[in-house]
2 protein chains.
Amino acid sequence: MTLTQAIKRPTLHEELVDRLRNLVVDDTLKPGEKVPEKELCEAFGVSRTPLREALKVLASEGFVVLQANRGARVARVTRQELEDTFPVISRLEQLAGELACAHLEDAGIADIEARHRDMVQAYHARDRQAYFQANQDIHQALIRGAQNEILESHHKLLAGRVRRARFMVNLSDERWAEAIDEHERMMAKLRARDADGLGQLMKLHMMNKFAAHIKAIDAGGDAEPEG
Amino acid sequence: MTLTQAIKRPTLHEELVDRLRNLVVDDTLKPGEKVPEKELCEAFGVSRTPLREALKVLASEGFVVLQANRGARVARVTRQELEDTFPVISRLEQLAGELACAHLEDAGIADIEARHRDMVQAYHARDRQAYFQANQDIHQALIRGAQNEILESHHKLLAGRVRRARFMVNLSDERWAEAIDEHERMMAKLRARDADGLGQLMKLHMMNKFAAHIKAIDAGGDAEPEG
DNA sequence: TGACTGAATTATGAATTCATAATTACGTTT
DNA sequence: AAACGTAATTATGAATTCATAATTCAGTCA
């Protein structure tokens with residue numbers, strides 16, 4: 001009976017961690033906003049204990065900040081943090097690209113090709129939502145294709161911190177075209193299974209995305225009200 | 001009064017997270033071992049609530065694994081996990097090396113030089129303990145020198161998972177000499193502020209360390225008893 | 001009228017309690 | 001005596017309670 005796989009029934013606090021993290025990542029809970037335990041408890045229909053456990057985890061992941069005796073607030077993504085995060089993400093994506101070239105089956109590559117076509121189509125249709133989704137799927141597939149759980153989990157955390165819905169509205173036409181071009185070249189490297197080449201391009205792609213964000217932030221001057 | 005710095009009185013569960021993590025990292029709590037809440041509560045003199053919050057955080061950091069209704073166990077570092085972790089760490093160290101070259105002041109480099117000399121001295125004295133300490137200090141200083149908190153925190157987590165005391169006993173004379181040589185070359189690159197060169201060497205250094213660990217594990221056949 | 005003091009309220013950190021799943025101990029049956 | 005089934009015990013997930021730090025608000029005085 002050593003083969004028996006443990007049945008996975010998610011415990012209450014695990015469920016809450018996921019739910020709350022999603023609320024932060026998809027920008028339902030805005031940065032700097034207070035996270036009142038009471039309201040969330042009645043919203044989710046749970047007691048404070050599992051919710052507080054979840055908040056502690058979210059805090060260690062960096063999605064919320066805890067102030068002693070003053071509860072939790074959604075973490076602000078400061079410019080400094082962006083500047084720290086992107087170089088790290090870009091290196092993780094580089095590694096992912098290299099490993100994906102080595103580990104992906106032909107079927108996996110074909111699947112990414114399909115999503116790439118979806119993305120290009122969304123680009124021509126100027127469908128930001130569809131583009132965003134396809135883009136995310138591609139990166140996700142490449143990370144998964146690396147078959148490295150540590151890489152995947154750390155990437156997921158960092159990507160979650162940075163991926164706030166509002167960033168997408170910052171996508172300029174110029175940068176959008178550039179990004180598409182970068183993806184085309186990435187696909188070529190992937191088809192050729194040029195591991196180092198793909199890694200290099202993915203790193204660059206991330207750093208270019210980074211530059212575009214910074215530019216948009218400097219131009220738009222994100223209000224970032226109150227504390 | 002806007003300059004008033006909030007006084008930092010660590011909350012109970014934060015303290016516990018650190019304490020418990022240390023117990024795991026320094027191998028006081030052995031991999032696979034059960035982490036009984038009751039005993040730890042009376043050992044630390046706290047109630048179950050903060051301790052359980054701490055365990056949730058430790059679990060999200062990967063130091064313990066929680067099984068529903070069956071409590072927490074110290075996470076085992078499997079071979080697969082080592083194989084996943086080292087490539088990621090090596091890339092983080094590579095980035096750290098590049099950034100450290102760019103950001104470290106001369107004084108910072110001099111400090112690392114001093115610790116390097118300590119390390120070489122410990123090597124010649126065959127003092128594994130002192131060597132280990134100096135080595136860790138050097139890597140730590142380089143990571144800190146990168147001045148990237150995201151990089152630092154993620155590196156710390158991964159290093160903590162891998163850094164179990166017993167690994168040091170695996171250090172063969174051959175590998176030890178090799179490691180010293182690698183460090184010598186790293187120092188040369190750092191002095192020259194050759195960012196890419198140092199990054200490259202640090203990546204390699206980590207992967208060589210990785211290979212040595214794997215070799216030792218395969219040879220020694222770590223017993224890894226019970227589940 | 002506006003700023004300060006202090007009580008009342010609220011929210012949070014932590015302890016305790018409760019319900020239930022898991023484990024252990026025991027007795028029965030073959 | 002071994003194996004199964006069931007009851008007793010234990011440990012855990014979650015709710016509730018308690019103590020205290022923060023915040024709010026009313027009242028006072030300049």
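Letters A, B, ... mirror the listed sequences (proteins, then strands); counts begin at 1.
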Novice: Using atom CG of B/Leu66 as one end and atom P of D/dA11 as the other, report the distance to the nearest whole Å.
Specialist: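 Going from B/Leu66 (CG) to D/dA11 (P), I get 17 Å.
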Novice: Of B/Gly71 and A/Arg48, whose closest DNA chain D nucleotide lies nearer the 5' terminus?
Specialist: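 By nearest-heavy-atom nucleotide position, the 5'-most residue is B/Gly71.
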Novice: Is A/Thr49 close enough to C/dG13 that one of its side-chain N or O atoms is under 4.0 Å from OP1 or OP2 there?
Specialist: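 No, no such contact exists.
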Novice: In whole angstrom, give the distance that lies between atom CG of A/Leu12 and atom P of C/dA19.
Specialist: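 Going from A/Leu12 (CG) to C/dA19 (P), I get 17 Å.
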Novice: For B/Leu51 and C/dG13, give me the distance from atom CG to atom P, rounded to whole Å.
Specialist: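 So the CG-P distance, B/Leu51 to C/dG13, works out to 17 Å.
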Novice: Roughly, in whole Å, what's the span from CD in A/Gln67 to P in C/dA11?
Specialist: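 That distance rounds to 16 Å.
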Novice: Looking at D/dT16, C/dA15, C/dG13, which one has an atom nearest to any side-chain atom of A/Arg52?
Specialist: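 The listed nucleotide nearest to A/Arg52's side chain is C/dG13.
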Novice: Just how far, in rounded Å, is C1' of C/dT23 from CZ of B/Arg70?
Specialist: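 Answer to the nearest Å: 10 Å.
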Novice: Can you check the A/Leu40 CG to C/dA11 C1' distance for me, whole Å?
Specialist: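 The distance from CG of A/Leu40 to C1' of C/dA11 comes to 13 Å, rounded to the nearest Å.
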Novice: Nearest to the B/Asn69 side chain among C/dG13, C/dA22, D/dT16, which nucleotide is it?
Specialist: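 Shortest atom-to-atom distance from the side chain points to C/dA22.
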Novice: Please confirm whether any donor atom in the side chain of B/Ser47 sits under 3.5 Å from an acceptor in the base of C/dA14, or the reverse.
Specialist: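 Answer no: no donor N or O sits under 3.5 Å from an acceptor.
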Novice: Please confirm whether B/His139 and B/His155 have ring centers closer than 6.0 angstrom.
Specialist: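 No: the rings miss the under 6.0 Å criterion.
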Novice: B/Ser172 versus B/Arg175: any side-chain heavy-atom pair under 4.5 Å?
Specialist: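 Yes; the side chains approach each other to less than 4.5 Å.
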Novice: Could you check which of C/dA22, D/dT23, C/dA11 has an atom nearest any side-chain atom of A/Lys38?
Specialist: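 Nearest to the side-chain atoms of A/Lys38, counting from C-beta on, is C/dA11.
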Novice: Any idea how A/Phe86 and A/Phe210 line up, ring-wise: parallel (<30°), tilted (30 to 60°), or perpendicular (>60°)?
Specialist: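 Parallel: the ring planes of A/Phe86 and A/Phe210 meet at under 30°.
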Novice: Step through the shown structure and confirm whether more than 12 heavy atoms of other residues, nucleotides or ligands are within 6.0 Å of CZ on A/Arg144.
Specialist: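 Counting other residues, nucleotides and ligands, CZ of A/Arg144 stays at 12 neighbours or fewer.
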Novice: Atom CD of A/Glu53 to atom P of C/dG13: distance rounded to whole Å?
Specialist: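 One finds 13 Å between P of C/dG13 and CD of A/Glu53, rounded.
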Novice: Closer to the 5' end of DNA chain D via nearest nucleotide, is it A/Val46 or B/Val35?
Specialist: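 The residue closer to the strand's 5' end, by nearest nucleotide, is B/Val35.
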Novice: Taking the side chain as everything from C-beta on, heavy atoms only, tell me whether A/Phe63 gets closer than 4.5 Å to A/Leu157.
Specialist: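 SC-SC contact between A/Phe63 and A/Leu157 confirmed.
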Novice: Taking atom P of C/dA11 as reference, at what distance in whole Å does atom CD of A/Glu42 sit?
Specialist: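 Going from A/Glu42 (CD) to C/dA11 (P), I get 10 Å.
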Novice: Which nucleotide sits closest to the side chain of B/Glu37: C/dG13, D/dT23, D/dT12?
Specialist: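 Nearest to the side-chain atoms of B/Glu37, counting from C-beta on, is D/dT12.
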